[in-house]
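Take a look at the structure below.
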Amino acid sequence: VHFFAQLTSFSHAIKDFLPRLKTHILERLDAGTPGFPAKDPTHADNDRDSILFKRNRIYHHNLARFNFTSYDVRRSQDVINPKTPHCNIMLLQRDLDDDNLDGNYRYAKVLGIHHVNAIRTGNVYESHRVEFLFVRWYQSVQRHDWETRTLGRVRFLPLSNPDAFGFLDPGDVLRGCHIIPAFSRGERNPGDGISPLAGDKYDWHEYFVNSFADRDSLMRFHYGLGVGHVYS
């Protein structure tokens, strides 16, 4: 924990890392995460300081494996490694409206895979394992559209944006996804960057969401036609 606290002054990616992590954990408690009692979400800010980490440790993992049901009702798995290009994920968009460019999905780049053993100050003898992903969010620029034959386009939010980074419950991830740099639009910070953790040195101005990476990815964008995609 002290390691992350010391790095806060050196990287935009982990600014307010610990307070935001505790807020994320509280939001999951409020939602009634198994093993935790559901709480009134209006008390989240007041209760943040009541979250402690057992032995003051945050545990790091190199890989995350996501099991999912494919469009043809078969079991499949994606492996995410933040240190490789296989680090992008997709999840359902919670706020669906006609003006929302994100469409049915949100996309993120996984920067870290972690877990903590969370303790509440009211019961320091009982801890609960909470797994989470530290991610850098993509912002949609253009929806995927079959009629106009255009792929969805995304870009990273500026590092100074408070919503550029966040925490995610691994259970919310649908699967990995294929994000392709839009090479014609150029690099954002050629040869320079301010956050090694975020990897902004290698950012491009925009990216394409490849819906043709495999058959299951293709059917994700034929929303409602994949019988194995129970959410649609």
Side-chain angles (χ1 to χ4, degrees), residues 1-62 64 66 80 82-83 87-95 102 105-122 124 127-140 154-174 193-200 203:
V1 171
H2 291 302
F3 173 76
F4 285 99
Q6 292 172 358
L7 286 182
T8 297
S9 59
F10 296 98
S11 176
H12 284 73
I14 54 176
K15 183 178 180 181
D16 298 326
F17 182 92
L18 293 179
R20 296 180 67 180
L21 173 57
K22 290 185 177 182
T23 299
H24 168 75
I25 292 174
L26 279 169
E27 288 175 351
R28 289 172 63 176
L29 307 190
D30 297 339
T33 299
F36 290 97
K39 291 176 60 63
D40 183 351
T42 59
H43 300 301
D45 291 338
N46 297 330
D47 290 345
R48 186 171 62 190
D49 293 336
S50 69
I51 295 293
L52 303 175
F53 301 146
K54 188 175 182 179
R55 297 179 182 175
N56 210 30
R57 291 181 179 177
I58 298 175
Y59 296 89
H60 169 75
H61 303 274
N62 292 322
F66 297 101
I80 298 298
K83 295 182 180 180
C87 59
N88 296 297
I89 55 174
M90 62 190 298
L91 57 152
L92 285 177
Q93 175 63 249
R94 296 183 183 277
D95 301 320
D102 288 330
Y105 306 109
R106 291 190 73 187
Y107 308 95
K109 175 183 177 181
V110 177
L111 302 180
I113 305 166
H114 308 280
H115 88 267
V116 296
N117 294 313
I119 301 173
R120 299 299 293 267
T121 53
V124 296
S127 64
H128 301 271
R129 179 182 172 118
V130 180
E131 299 174 347
F132 64 93
L133 305 175
F134 182 51
V135 301
R136 186 180 180 193
W137 291 108
Y138 288 101
Q139 177 188 42
S140 287
V154 295
R155 64 187 175 196
F156 284 120
L157 290 167
L159 296 186
S160 58
N161 190 308
D163 297 323
F165 303 92
F167 298 96
L168 188 62
D169 181 352
D172 291 337
V173 175
L174 290 178
I194 61 175
S195 176
L197 178 60
D200 63 313
D203 283 359

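Sequential numbering from 1 along the given sequence is applied to the chain's residues.
If you take CZ on Phe132 and CG on Asp172, they are separated by 14.5 Å, rounding to the nearest 0.5 Å. A distance of 7.0 Å separates CG of Asp203 from CG of Leu159, quoted to the nearest 0.5 Å. Separation of atoms CD1 (Ile113) and SG (Cys87) is listed at 10.0 Å; rounding is to 0.5 Å. Residue Arg106 holds its CZ atom at 10.0 Å from CD of Gln139, rounded to the nearest 0.5 Å. To the nearest 0.5 Å, atoms OG (Ser140) and OH (Tyr105) are separated by 12.5 Å.
Proximity of Arg136 to Asp200: side-chain heavy atoms (C-beta onward) are separated by under 4.5 Å at one or more points. Within the 4.5 Å cutoff, no side-chain heavy atoms of Ile51 are placed close to those of Leu21. In this structure, the side chains of Ile80 and Phe66 come closer than 4.5 Å at one or more pairs of heavy atoms. Taking the side chain as every heavy atom from C-beta outward, Ser127 and Ile119 approach each other to under 4.5 Å. With contacts defined as side-chain heavy-atom distances shorter than 4.5 Å, the pair Phe156/Tyr138 qualifies. A heavy-atom distance below 4.5 Å is found between the side chains of Ile25 and Val116.
The aromatic rings of Phe134 and Phe165 lie parallel to each other, their planes meeting at an angle below 30°, with 60° marking the opposite boundary.
Here the closest non-hydrogen pair linking Arg28 and Pro170 is NH1-CD, 4.5 Å. Scanning all heavy atoms of the two residues, the minimum distance from Arg129 to Glu131 falls at NE-OE2, 3.0 Å. Contact between Val173 and Leu91 at its shortest, heavy atoms only, is CA-CB, 4.4 Å.
Ring centroids of Phe53 and Tyr59 are separated by 6.0 Å or more, keeping the two rings apart.
Considering Arg57, His61, His60 in turn, His61 is the only one that fulfils the side-chain hydrogen bond (donor to acceptor under 3.5 Å, both in side chains) rule with His115.
With sequence neighbours left out, Arg20 forms a side chain to side chain donor-acceptor pair (under 3.5 Å) with no residue at all.
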